Visitor: 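Once you've had a glance at the structure underneath, I'll fire off some questions.
Note that the structure is predicted; figures quoted are calculated from it, not measured.
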Amino acid sequence: MLPLLPLLLGCAPRHLVIPEPEYVVATPRGEAVAVSYPVDVRPTEERRDGGWYTTSLPLPFATHGDANLTPTSLGAIARASHGALAERGIPEDPESDTRVSLYVLHHAGTRDVSDAQWTSTLTGGVAGYVGKFVYPVFFVGYGAVRVEVETPEYRVVRDVSAYSVRRMSVVKSWAWPHLFRKSPSKEAMTEVLAEVHTELGREIAAVVDQARTGHEITAGEPAVEPSAHSLGTWSQADSFRRHDLPPWVAAKYPSERFSLMTGHDTVKGEVVGRIAFPLDTVGYDVGLTDRLQWQLDITVLGVVNQARTGLRYRLFRYGDLAFAAQLSTKADVTLLPSEGYVPSVVAISARGSGILSWRPSEITWYARGGWSAVHVRREIAELPDLRAGRAVAISGASGFELQLSATTLLAFELRASSTYQNGNPLALGDLGTFQVVPLLALGLR
């Protein structure tokens with residue numbers, strides 16, 4: 001019962017013990033420096049929490065803060081800086097005239113579930129269950145420190161930063177398959193914070209070494225604002241800038257752009273959740289390679305429901321133009337009141353299509369065309385024109401994709417289709433033999 005308490009309490013913190021960075025101590029040489037204990041100038045919530053662990057869902061929610069972090073945020077950075085100075089062979093002497101002051105601007109650890117999980121959140125059911133094996137969770141550690149080196153002759157002020165990212169599927173982050181004897185989430189957060197501390201220590205030592213020897217300062221970045229004003233630059237890892245993605249965002253997502261209906265920009269490792277109206281189609285596109293995507297779609301309409309899986313492969317790209325081929329198989333399942341809502345497979349089909357996409361700027365324009373071979377296993381009263389046996393459907397569509405942020409894309413498509421059985425077109429909609437459907441889709445990665 002005790003291992004379940006953090007889940008039941010929701011906001012119960014988890015204790016993290018961050019291992020000491022592994023630095024190789026070098027022989028001390030050159031001028032010694034005096035290093036002060038880091039000064040905490042973080043925002044109030046960071047200063048209270050230290051690093052935090054959260055999800056994009058309200059619960060469960062846990063905090064990795066100074067109260068449950070060993071050592072504390074400031075203590076870990078102090079430990080890392082002393083170790084990194086020893087690795088560079090920089091001696092320390094509290095009486096030295098070269099004074100080093102450290103100001104912790106940021107220190108955070110975030111468990112960030114991919115926005116693709118909202119496909120599961122909004123729809124639930126089978127899509128939600130399957131999605132946990134597909135969409136990723138990111139453990140992001142980020143730290144920033146201001147380094148001031150003051151000698152009798154000059155003063156150097158630089159900002160250094162470090163980040164680390166761990167990625168795994170949501171199902172692999174669960175503790176219960178390990179009978180709560182192992183917590184993959186806790187291990188991942190420990191690893192990213194340890195990497196952040198190690199890198200911060202080395203960056204701090206590089207600034208100090210260059211400053212004490214009078215060399216050109218290339219480590220870190222120039223400090224352009226007072227530390228108290230730098231706090232407003234903090235942003236979560238999903239911040240999106242068209243041509244200047246922050247490094248921790250670039251580490252989370254393999255590419256700046258992604259695709260939903262075309263696969264034009266989707267690359268290996270990306271998982272895109274899809275919600276489309278009015279057909280209520282939900283599903284995922286998973287980048288198996290830079291060209292190949294696996295697709296899963298589930299359509300829940302009540303009477304007639306669908307489950308589809310398939311592959312989409314980008315055959316070529318020439319400048320802004322790309323062409324992809326898509327093959328999939330689908331099962332139509334009914335839940336009829338007259339049959340006590342017992343699931344019944346009424347049709348199985350295979351579909352092939354080609355997709356031509358063109359992205360001259362921010363919008364990706366596309367057109368698709370294809371056919372479906374349908375095997376109708378049984379007849380239902382709700383679709384009187386569809387008889388048992390074989391049928392063929394042809395379809396065409398055109399539309400566009402507009403990426404709104406690093407994680408969000410909006411697509412609009414106008415789709416037309418016609419179904420033929422025994423050589424005769426079937427009237428399956430209000431428009432007769434042709435079905436025209438405007439489709440609005442939201443893509444989340």
Visitor: Counting only heavy atoms not in Tyr154, do more than 12 sit closer than 6.0 Å to its OH atom?
Guide: yes
Visitor: Could you give the distance from OG (Ser173) to CE (Met168), rounded to the nearest 0.5 Å?
Guide: 6.5 Å
Visitor: Under the 3.5 angstrom rule, does the side chain of Arg158 hit a backbone N or O of Ala219 as a donor-acceptor pair?
Guide: yes
Visitor: On a heavy-atom basis, which atom in Ala175 and which in Ser183 lie closest, and how many Å separate them?
Guide: CB-CA, 4.4 Å
Visitor: From Leu442 CG over to Thr119 OG1, what is the distance, rounded to the nearest 0.5 angstrom?
Guide: 7.5 Å
Visitor: So that I know where these two stand, are Phe138 and Tyr253 an aromatic pair - ring centroids less than 6.0 Å apart?
Guide: yes
Visitor: Quick check: do Arg42 and Ser73 have side-chain heavy atoms less than 4.5 Å from each other?
Guide: yes
Visitor: Yes or no on side chain to side chain contact (heavy atoms under 4.5 Å, CB included) for Thr198 and Arg202, after CA distance, side-chain angles and deciding distance?
Guide: CA-CA 6 Å; Thr198 302; Arg202 289 199 170 108; 3.3 Å; yes
Visitor: Let me know which of Thr408, Leu409, Val271 forms a side chain to side chain contact (heavy atoms under 4.5 Å, CB included) with Leu444.
Guide: Thr408
Visitor: Please check if atom CD in Glu221 has more than 12 non-hydrogen atoms from other residues, nucleotides or ligands closer than 6.0 Å.
Guide: no
Visitor: With a 3.5 Å distance limit and no angle check, can you tell me whether Lys186 reaches the backbone of His15 through a side-chain donor-acceptor pair?
Guide: yes
Visitor: For side chain to side chain contact (heavy atoms under 4.5 Å, CB included), just list the numbers for Asp285 and Thr266, CA-CA rounded to whole Å, side-chain angles, deciding distance to a tenth of an Å, and then say yes or no.
Guide: CA-CA 9 Å; Asp285 284 8; Thr266 301; 5.6 Å; no
Visitor: Near His178 NE2, under 6.0 Å, is it more than 12 heavy atoms from other residues, nucleotides or ligands?
Guide: yes
Visitor: How many angstroms lie between CD in Glu203 and OG in Ser81, if you round to the nearest 0.5 Å?
Guide: 13.0 Å
Visitor: Whether the side chain of Arg312 engages the backbone of Ser328 through a donor-acceptor N/O pair (distance < 3.5 Å, no angle test) should be reported.
Guide: no
Visitor: Any chance you could measure Leu410, atom CG, to Leu440, atom CG, to the nearest 0.5 Å?
Guide: 5.0 Å
Visitor: Please name the pair of heavy atoms, one in His107 and one in Ile77, separated by the smallest distance, quoted to 0.1 Å.
Guide: CD2-CD1, 4.2 Å
Visitor: Are any of the side-chain nitrogens in Glu195 or Arg166 under 4.0 Å away from the carboxylate oxygens of its partner?
Guide: yes
Visitor: So, does Arg291 use its side chain to make a donor-acceptor pair with the main chain of Lys268 at under 3.5 Å?
Guide: no
Visitor: Rounded to the nearest 0.5 Å, what's the gap from OG on Ser169 to OH on Tyr135? Could you check?
Guide: 10.0 Å
Visitor: Is Tyr163 close to Ser161 at the side-chain level, that is, under 4.5 Å between some pair of heavy atoms?
Guide: no
Visitor: Going by heavy atoms in the side chains, are Val147 and Leu102 under 4.5 Å from each other?
Guide: yes
Visitor: Would you say the side-chain atoms of Glu362 pair up with the backbone N or O of Leu402, donor to acceptor, closer than 3.5 Å?
Guide: no
Visitor: Search all heavy atoms of Lys182 against all heavy atoms of Pro184 and return the closest pair with its distance.
Guide: O-CD, 3.6 Å
Visitor: Would the distance check show the side chain of Gln210 and the main-chain N or O of Thr218 forming a donor-acceptor pair, the cut-off being under 3.5 Å?
Guide: yes
Visitor: With no hydrogens and no angle check, do the side chains of Trp294 and Thr309 hold a donor and an acceptor under 3.5 Å apart?
Guide: yes
Visitor: So do Arg212 and Thr151 actually touch side chain to side chain, heavy atoms under 4.5 Å?
Guide: no
Visitor: Before you tell me yes or no, could you show the steps for Arg155 and Glu148 under side chain to side chain contact (heavy atoms under 4.5 Å, CB included), namely the whole-Å CA-CA distance, both residues' side-chain angles and the distance that decides it to 0.1 Å?
Guide: CA-CA 7 Å; Arg155 179 171 174 265; Glu148 294 186 2; 3.2 Å; yes
Visitor: Which heavy atom in His82 sits nearest to a heavy atom in Glu92, and how many Å separate them?
Guide: ND1-OE2, 2.8 Å
Visitor: I need the Thr364 OG1 to Asp320 CG distance, nearest 0.5 Å.
Guide: 9.5 Å
Visitor: By the side chain to side chain donor-acceptor pair (under 3.5 Å) test, which pairs, at least two apart or in different chains, include something from residues 350-360?
Guide: His264-Ser357, Asp265-Arg359
Visitor: Compare all side-chain heavy atoms of Leu311 with those of Leu327 and state whether any distance is below 4.5 angstrom.
Guide: no
Visitor: Indicate whether any N or O donor in one side chain lies under 3.5 Å from an N or O acceptor in the other, for Thr262 and Glu401.
Guide: yes
Visitor: Minimum heavy-atom separation for Ser36 to Ser101, with atom names?
Guide: OG-CA, 3.4 Å
Visitor: When you check the gap from the basic side-chain N to the acidic O, do Arg257 and Glu270 get nearer than 4.0 Å?
Guide: no
Visitor: Side chains of Leu439 and Pro278: closer than 4.5 Å at any heavy-atom pair?
Guide: yes
Visitor: Run Gln306 and Ser349 through side chain to side chain contact (heavy atoms under 4.5 Å, CB included) and show every step you take.
Guide: CA-CA 11 Å; Gln306 301 172 351; Ser349 63; over 6 Å; no
Visitor: Applying side chain to side chain donor-acceptor pair (under 3.5 Å), which residue pairs with at least one partner in residues 17-33 are found, sequence neighbours left out?
Guide: Glu31-Thr98
Visitor: What closest approach, in Å, do Arg79 and Pro19 show between heavy atoms, and which atom pair accounts for it?
Guide: NH2-O, 3.1 Å
Visitor: Using a 3.5 Å distance criterion without hydrogens, assess whether the side chain of Arg445 forms a donor-acceptor pair with backbone atoms of Ala406.
Guide: yes
Visitor: Heavy-atom distance under 4.5 Å between the side chains of Phe139 and Glu191, does that happen here?
Guide: no
Visitor: Is there a side-chain contact between Pro360 and Trp365, using heavy atoms and a 4.5 Å cut-off?
Guide: yes
